[in-house]
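Quick notes on the structure that follows.
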2 protein chains.
Amino acid sequence: MRDLEGYFKGLSDVTRLRIMNLLLQGELCVCDIQRIVEGSQPTVSRHLNYLKHSGLVLDRRDGLRVFYRLAKENNADLRALHHFLRRVFKGKGVLENDVKELKDAMARGACAVPTPFRAGKPVPSDATASRAPLQAS
Amino acid sequence: MRDLEGYFKGLSDVTRLRIMNLLLQGELCVCDIQRIVEGSQPTVSRHLNYLKHSGLVLDRRDGLRVFYRLAKENNADLRALHHFLRRVFKGKGVLENDVKELKDAMARGACAVPTPFRAGKPVPSDATASRAPLQAS
DNA sequence: ATTGTATATGCGGATAGGCGAATAAGGCAA
DNA sequence: TTGCCTTATTCGCCTATCCGCATATACAAT
C-alpha cells in the first residue's frame, strides 16, 4: 500500500520512466544511462537515488562504476508492475528510441553488463581503452 | 508518455489509490467516497479533481450529486493500467476493507449507481429519505 | 601521496503538492 | 425569493520535488 504509493511516486517523472525503460533491458551503469537520457550527472544520480529509495531499483558498485538494476526479487507487485510497464512502454517513441541508442552503445562497447548480470569486470572485449566507456574502437 | 507520467502522479497518494480502488467497483458519488476514505470534503474534492486532470477519471453531475467514474474509454494504456491495479490492489487490507464498506453502504442505500451506470436518478428504492444518502431505512 | 575518473551529496531557488479553514458556486424545494 | 444540501475553490502555510552549481566521496593507477 505504502509501497505502491512509493512505486508510483518513483514513476512520476519522464526521466525516471526513461531510466526504468532502459533498466528493463538489463543492468546498466550510471554513465551509460546518463549518456542516453542526456541529463546532468547530478540530476541522473538523484533520479537513480529516488528510484532506489522507492524500492524500484537496486545498485551495486564494481570498481569505479555503479550498476543499477530493477528490484524484482520475490515481490509479486513488482513483477506485475514490470509486466505492466513493458506493455505500456511499447509504442512510445522516446522510449523505443532510447532502447535503440542503448543497443547501439552496447554494440560499440558500453560498460553495461548483459541482462542476467555476470560478476566479472563490466568492461567489454577490448578493455585497454577504458577512458570513455562508449567510444567506438 | 506525458500521459503516463500524469497517470503515475495521479496514483502517487494513498487517498487517491483508495479512491481509484473504489471506482474500480463502478461509478460513485462524492459523498459516498468521502464517507469511506474519511477525509475532509475539500480534501476529497481536490483529490478527485487531481485524478480528473490526470486523465484517470471522468465526472458528471446529476442534480446535487457529482458522480465520478474511471476514464477507460478507448485508451489501451488505461485498460492495461486498470488490469494492473486490480491485480496489485488484491490483498491490500485497507483497500479490501474499503470495498467491503462500500458494499455495505450500497446495501443500505448509498447514492451510488451500479457499474455500467444507468442514466436515471441515483437515489435507491425508497427515495423519500434523501437527506443523508447512507442512512439505513 | 597524487592524479584522474565515476558517482554522490549539499546548498539555494523555483515550482508543485497537501491540508485546514473559510467561502463560493451549483442545484433543488418550498 | 429564501433556505438547504452537495461540491468546488480560494487562501495561507508547510513540505516535497526538481534542477544547476559546486563540492565531496569512492576507487584505481601511478
Side-chain angles (χ1 to χ4, degrees), chain A residues 2 5-6 8-19 27-35 37-54 57-68 110-113 121-123 127-135, chain B residues 2 5-6 8-19 27-35 37-54 57-68 110-113 121-123 127-135:
Chain A
R2 279 283 167 194
E5 184 189 13
F8 289 129
K9 277 199 219 269
L11 297 167
S12 298
D13 178 278
V14 176
T15 299
R16 290 198 293 269
L17 284 177
R18 293 175 66 190
I19 293 175
E27 191 183 45
L28 291 175
C29 85
V30 177
C31 60
D32 288 346
I33 295 172
Q34 183 192 343
R35 209 166 276 107
V37 304
E38 296 183 31
S40 75
Q41 182 269 319
T43 289
V44 172
S45 179
R46 267 186 293 245
H47 279 306
L48 285 167
N49 189 52
Y50 197 122
L51 287 173
K52 185 163 105 182
H53 283 93
S54 305
V57 308
L58 299 172
D59 63 342
R60 72 179 173 97
R61 177 177 281 273
D62 181 2
L64 286 181
R65 308 273 159 72
V66 175
F67 290 84
Y68 283 82
C111 53
V113 176
K121 299 278 183 189
V123 189
T128 46
S130 69
R131 291 186 51 255
L134 269 195
Q135 299 311 328
Chain B
R2 280 282 165 192
E5 185 189 13
F8 289 129
K9 278 198 219 271
L11 298 167
S12 297
D13 178 278
V14 176
T15 300
R16 290 198 294 269
L17 283 177
R18 293 176 65 190
I19 293 175
E27 191 183 45
L28 291 175
C29 85
V30 177
C31 59
D32 288 346
I33 295 172
Q34 182 192 344
R35 208 166 276 109
V37 304
E38 296 183 30
S40 75
Q41 182 270 319
T43 289
V44 172
S45 180
R46 269 185 300 242
H47 280 305
L48 286 167
N49 189 52
Y50 197 122
L51 287 172
K52 186 163 104 182
H53 284 92
S54 304
V57 308
L58 299 173
D59 63 342
R60 74 179 171 97
R61 177 177 280 274
D62 181 2
L64 286 181
R65 309 272 158 72
V66 175
F67 290 83
Y68 282 83
C111 54
V113 176
K121 298 279 184 190
V123 189
T128 46
S130 70
R131 292 186 49 257
L134 270 195
Q135 298 310 327

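Below, chain A is the first sequence line, B the second, and so on; all start at residue 1.
Below the 3.5 angstrom threshold, one finds a donor paired with an acceptor across the side chain of A:Gln41 and the base of C:dA8. Applying the 3.5 Å distance criterion, the base of C:dG17 shares no donor-acceptor pair with the side chain of B:Arg16. No donor-acceptor contact under 3.5 Å links the side chain of A:Arg65 to the base of C:dT5.
D:dT7 atom P lies 11 Å from atom CG of B:Asp59, rounded to whole Å. One interatomic measurement links the two molecules: NZ of A:Lys9 to P of D:dT15, which rounds to 15 Å at whole-angstrom precision. In this entry the distance linking NE2 of A:His47 with P of C:dT7 reads 16 Å, nearest Å. Residue B:Leu64 contributes atom CG, which lies 17 Å from atom P of C:dA25 at whole-angstrom precision. The interatomic distance linking A:Asp13 (CG) with D:dA16 (C1') rounds to 14 Å, in whole Å. Straight-line distance from the CD atom of A:Glu5 to the C1' atom of C:dG18: 11 Å, rounded to whole Å. If you measure from atom CZ of A:Phe67 to atom P of D:dC27, you get 14 Å, rounded to the nearest angstrom. In this entry the distance linking CG of B:Asp32 with P of D:dC5 reads 17 Å, nearest Å.
The shortest heavy-atom contact between A:Asp62 and A:Arg60 is CB-NH1, 3.8 Å. In terms of heavy atoms, B:Tyr68 sits closest to B:Val30 at CE1-CG2, 3.5 Å.
Among the heavy atoms of the strands lying under 4.0 Å from B:Thr43 are primed sugar atoms or P, OP1, OP2 only; no base atom is included. Within 4.0 Å of B:Arg61, counting heavy atoms only, lie sugar-phosphate atoms of the nucleic acid but no base atom.
The side chain of B:Arg46 sits closest to C:dG20 out of C:dG20, C:dA8, D:dT7. The nucleotide whose nearest atom lies closest to any side-chain atom of B:Pro42 is, among C:dG10, D:dT7, D:dA8, D:dA8.
The phosphate of C:dC19 (OP1 or OP2) has no side-chain N or O of B:Ser40 nearer than 4.0 angstrom. Look at A:Tyr68 and you'll find a side-chain N or O under 4.0 angstrom from OP1 or OP2 of C:dA8.
Between the B:Arg35 side chain and the B:Val37 main chain, no donor and acceptor come within less than 3.5 Å of each other.
Taking CG of B:Asp32 as the reference point, atom CZ of B:Arg65 lies at 7.5 Å (rounded to 0.5 Å).
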Would you mind writing out the side-chain donor-acceptor pairs for residues 42-51 of chain B within the sub-3.5 Å range, not counting sequence neighbours?
unit_1  : atom_1 : unit_2  : atom_2 : d
B:Thr43 : OG1    : B:Ser40 : OG     : 3.0
B:His47 : ND1    : B:Arg16 : NH1    : 3.1
B:Asn49 : OD1    : B:His53 : ND1    : 3.3

